[in-house]
There are 4 protein chains.
Amino acid sequence: MSKVMRFSREFKSVDTVVDVGNVKIGGKFFAIAAGPCAIENQDQYFQTAKLVKKAGANLIRGSVFKPRSSPYSFQGLGREGLKLIKDLGEELDIPTITEVMDPRDIKVTANHVDVIQIGARNMQNFDLLKEASKSDIPIILKRGLSATVDEWLNAAEYLMVEGNENIILCERGIRTFSTQTRNTLDLSVIPLLKMRTHLPIIVDPSHATGNRDLIIPVSKAAIASNADGILVEVHNNPDLAMCDGAQSLPPEMFADLIENIKPILEIEKKVITGTTMTLDEVRRRINYVDEDIIDLIANRLNLVPALVEFKKKNSLPVYQPDREKEITEKYVRLAAVNDVNPTLIRKVFNLIISEMRLLQAQEME
Amino acid sequence: MSKVMRFSREFKSVDTVVDVGNVKIGGKFFAIAAGPCAIENQDQYFQTAKLVKKAGANLIRGSVFKPRSSPYSFQGLGREGLKLIKDLGEELDIPTITEVMDPRDIKVTANHVDVIQIGARNMQNFDLLKEASKSDIPIILKRGLSATVDEWLNAAEYLMVEGNENIILCERGIRTFSTQTRNTLDLSVIPLLKMRTHLPIIVDPSHATGNRDLIIPVSKAAIASNADGILVEVHNNPDLAMCDGAQSLPPEMFADLIENIKPILEIEKKVITGTTMTLDEVRRRINYVDEDIIDLIANRLNLVPALVEFKKKNSLPVYQPDREKEITEKYVRLAAVNDVNPTLIRKVFNLIISEMRLLQAQEME
Amino acid sequence: MSKVMRFSREFKSVDTVVDVGNVKIGGKFFAIAAGPCAIENQDQYFQTAKLVKKAGANLIRGSVFKPRSSPYSFQGLGREGLKLIKDLGEELDIPTITEVMDPRDIKVTANHVDVIQIGARNMQNFDLLKEASKSDIPIILKRGLSATVDEWLNAAEYLMVEGNENIILCERGIRTFSTQTRNTLDLSVIPLLKMRTHLPIIVDPSHATGNRDLIIPVSKAAIASNADGILVEVHNNPDLAMCDGAQSLPPEMFADLIENIKPILEIEKKVITGTTMTLDEVRRRINYVDEDIIDLIANRLNLVPALVEFKKKNSLPVYQPDREKEITEKYVRLAAVNDVNPTLIRKVFNLIISEMRLLQAQEME
Amino acid sequence: MSKVMRFSREFKSVDTVVDVGNVKIGGKFFAIAAGPCAIENQDQYFQTAKLVKKAGANLIRGSVFKPRSSPYSFQGLGREGLKLIKDLGEELDIPTITEVMDPRDIKVTANHVDVIQIGARNMQNFDLLKEASKSDIPIILKRGLSATVDEWLNAAEYLMVEGNENIILCERGIRTFSTQTRNTLDLSVIPLLKMRTHLPIIVDPSHATGNRDLIIPVSKAAIASNADGILVEVHNNPDLAMCDGAQSLPPEMFADLIENIKPILEIEKKVITGTTMTLDEVRRRINYVDEDIIDLIANRLNLVPALVEFKKKNSLPVYQPDREKEITEKYVRLAAVNDVNPTLIRKVFNLIISEMRLLQAQEME
């Protein structure tokens, strides 16, 4: 394939960060999506959503269109259920996710929820992908049960072909000879994908394992392998769940999960947006940002030798007051636009620029 | 699952025979569906179809909606192509097959072709299945790449739930670790399915192997394992094919395939309908029918002991002229309806019934 | 790999025929190996062997070293059992097969049985392969549960590296996600292997399916796909079998299997050696040989144009009595060595040679 | 299976800790085994071993018996190489690991190395397992390429049947349809196994991925999923490696790996033994031990209610000076045996016991 694919690092080198309301996914932003497999009724859905939000989820999942192996199993509330999702999103002020299976349901669903999910069975339902690509709503694309990495990325390309970049990949286990777990979670694929694509990748430990006792260690492993989020089934009363009860977490176990993943998220410097932070979390977040500022300043100073070489070749002076002024003024305007005190920015850049000047002078000798 | 599934032998014990025009599939009727992977243009499609019909195919396959891994590959002629299929079906007087992927295309497609195919990637595209189930057109349901037998049969149930019984299963290889062939053909599944379902099962050796050199032996094996048909990719010029060239047979190799499978079909007593028969084939067919007639007569006579026991218990006479007359008259009328000489039927049943009477009398003693 | 591998068609283009006593395997010779999974005691082994021999098996299988998943399952009679095998082979005058797992058992086993089997779990037990390669006893090499074709052929190469060519490959199903059958039989691999190797390939439908009701159709399919034999588990009383009862055939079902495969063997022109033939089978075999004789004579006559061209170029006469005499005398001597009436051979070759002469003369003009 | 298996938590509830020299594996003790795939010569082996030891490995791996797909690939130094391993172990004072494939090599290998490895291809080489079970040397048992969890655990049972408990399981990826990585690492199996077995489980990220760029994230994920160690291929010059070069880490990347896994090990409270610790690590270890001491004291105090209930029922006094004295003296003796200052132990237990007495008195009221 000579064409540069939109999913590829060649097309876009930096990590895509998908914005869903006040929640960010990708780069340093970690998503915790939780909620019931199927939305059974208002009570069950709202109850569960409130509990997972309180425990730390920043996205609510829940399906009204259910892909079921048997035609005689509960097929979901259908379009009727979409209003419930919209209501919940507004009441709890939290973004919502739901699965779509029929191209005719894309538009109406996009009007009621914040993120559309395309399930494993539909990863290569190309007409669904084409219809979804016409929207610019964020889309979670689950890996097919027996999809290769190339097939998966090509399915993402179907979604991106019209310009939508808000695509989130979701590893949910593949089908193998091993039936000890419901599927075989392929975590090596996370760092592998990170080399090939700028898109965020989340992990669904519930479908991957089918066993609630494995969700915590597997979620931790997902984060350690560099995943950008988890998608977890939680039910306010798993024993009464109309589907996937055995793999759904009860709310208290979900709270436990959050406690258990926090230290790993900290090591990986992943940040959860859209939730109220503790003082510690705020301080940590400040810390990450500071580190990034320092990194970027260092990057800037490291450009001195190249600058000097160029100026020498072209007999330019180290001190170019016009250029310095021009840059600083540009940043001051940018600051104003971004609601940052322009004086602060002016001072910071004066410091940086004079340091650069000094270093250049030393390098010149 | 306590519900009796429509696909099951419990629901219907005898083999379903699907009628498509003058072609029958299932039971003793073997289908040979052939044609190009994609319909590229009228010339390629008509050329290939004529050649495969002449060689012995009784159904013509060819896709206008193409599921392709990459969005940048040829996606098929789309709805425009449907007219080509209708024209071909009429011109060659042969039933046609085409794949549908989008529920919105079911109706229009059903108006142009004789059989709809649901592909491996869409086996669990439940909205497509539901839409298709509203039609009563014959449907080929391919096995998903990683579908279990239960998932496959349940997908068939989705199609049957509204009453359509014209469902044909198609084994096309599953995805395994072995990449020496494109997929791993699972022939053991044929006799296994035969125990569980009355639906016909055909085999697609082209997608299963991805290698034209394997099509002949694999097709023979499919028949020997009790398949009800084969679905083969043929292209009038495989080297120029826009897709699946390596697995497409050139027409002469397809003719070779037909020659090679004939002896196995004969052993399995499978009959190909809708094609002109040689004298030998006619005689063989006569033979099969005769054997069946004899079988059925034997079955009838074998009921004598049960009859006698019942009559003894209930003190009924062996000879019941009214009952005999009633039966015979019913058959005579049935004969008239079916355009069979009533006198012939009367004579045959007089013979059978008097033999039954004789046997009963002997048994009574 | 630049080295020409011993298993390859490049190394040896014609089919290898393995001789085991008066039984031949490979080329046109089909093997039917049957017997119990484990040899439990003399009675069960001899009983079963007699029944399968009578039904048409030409090799007896039965293990004394049993690979069992659990250390607490019956592990086989061990070396003690080898004497039973030797006794049976002598008493029934039929070649025997048994599995070896430990390199230290190769020698002693080779002294008691006719064919050694290396099981699926040991396909890459390289020290076992190396030890076995030092022997020249025929070896059945089963495919590993997850072995690729290249790994399998390389394992065969380990066996051939010291010169042993009596290697028989055995496809017995691979491990996939599908658990409806015990393993997934990969029949496409048979014609694929036939292109790459001259070694005979047999099929084990018992381990492949794990279900006795599938053995007959699957065996037929194996033959239709060009297999050189089948290896079937039969037990004189499957309900009491110490292992693999569910997949073992009772003797009467084995007899049924033989009846069912005979017509397919006939189509494939496969011959079973080492068993008493019916008049029909003798006549069919005569027929095959006649066809081969005719083929070879045709091949000879087809060389005329090349001969003529050569003679023209080199100004040689058509009639070269010395050369003709020399050839004929050589064949006459060969006939004597092979216990064929030399006069017959002389007459046959006089006829052929004079025909050649005539054709050359015509071609010359 | 009604028999209680030796590998099971029913047989032994607490984690097995395997001792190899001064290195511990299992429970809180994490193993870092590293070294070349094959030992090619003294230089390459010693060089690599020194570098990985310095970086933080506490076990050295390296094979002299190599399982190779082709008989024409380098098969390892064989028995000659065992002396190199012994020399290295002594010179560097570090435990060594090597693979054995032939039952005849078990004894001699056990005399030269500290840990024997049984490779994936030999997981069900039962005669090798039986021979190994006679030894009491620690054994790493790799999971077979297509082994189920039950088959794997049963293979471990073969090793334990004679009483050896020093068995370490090693997940190294299974064979699936996905070929993007060499195998598919099954990390969910780690927490699953932890529920069923007390044996330590380590992970081989090198064979699992076949790609050195994935080793670091995958190793982190392994630890987060609760693995007890990693087994990594390192080569002093991977480009010149005689096998597995693409998956071998160069020494500096291995040092990087160690730095990257340390924070996760800290979260998981895993300790690496047998290496020189930094002050920080010593303090952390002290911390862990302290936490455990506190835990155990809390456990002891929590027994008060049960004690009180018992004493009440049996009308026993809270203060039982004889019993208290007896216990204390026993511990003092135990302290002496373990080279701990008896006075310290006496004081500690006096404190604990008097606290217990106090709590009991309160509870009594």
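What's counted below: heavy atoms across the whole structure, side chains too, no hydrogens, waters or symmetry copies. Reminder, nothing fancy here: chain letters follow the sequence lines and each chain counts from 1.
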Against chain A, work out which of L153(B), D105(B), N125(B) has the most heavy-atom pairs shorter than 4.5 Å and name it. N125(B)
Within the structure provided, determine whether Y72(B) and N154(A) are in side-chain contact (heavy-atom separation under 4.5 Å). no
List the atom of F126(B), the atom of R68(A), and the distance in Å for their closest heavy-atom pair. CZ-O, 3.2 Å
Using non-hydrogen atoms and a 4.5 Å limit, figure out which bit of R121(A) sits close to chain B: side chain, backbone, both or neither. both
Can you tell me which portion of Y158(A) sits under 4.5 Å from chain B's heavy atoms? Options are side chain, backbone, both or neither. both
Heaviest contributor of heavy-atom pairs below 4.5 Å to chain A, chosen from Q75(B), E131(B), K130(B), is Q75(B)
Which bit of N122(A) comes within less than 4.5 Å of chain B, counting heavy atoms only: side chain, backbone, both or neither? side chain
Using non-hydrogen atoms and a 4.5 Å limit, figure out which bit of S73(A) sits close to chain B: side chain, backbone, both or neither. neither
Do you know the tightest heavy-atom contact between S69(A) and Q124(B)? OG-NE2, 3.9 Å
What heavy-atom pair brings D127(B) and R104(A) nearest, and what distance separates the two atoms? O-NH2, 4.4 Å
Locate the shortest heavy-atom distance separating R175(A) from A147(B); write the atom from each residue and the value. NH1-CA, 4.1 Å
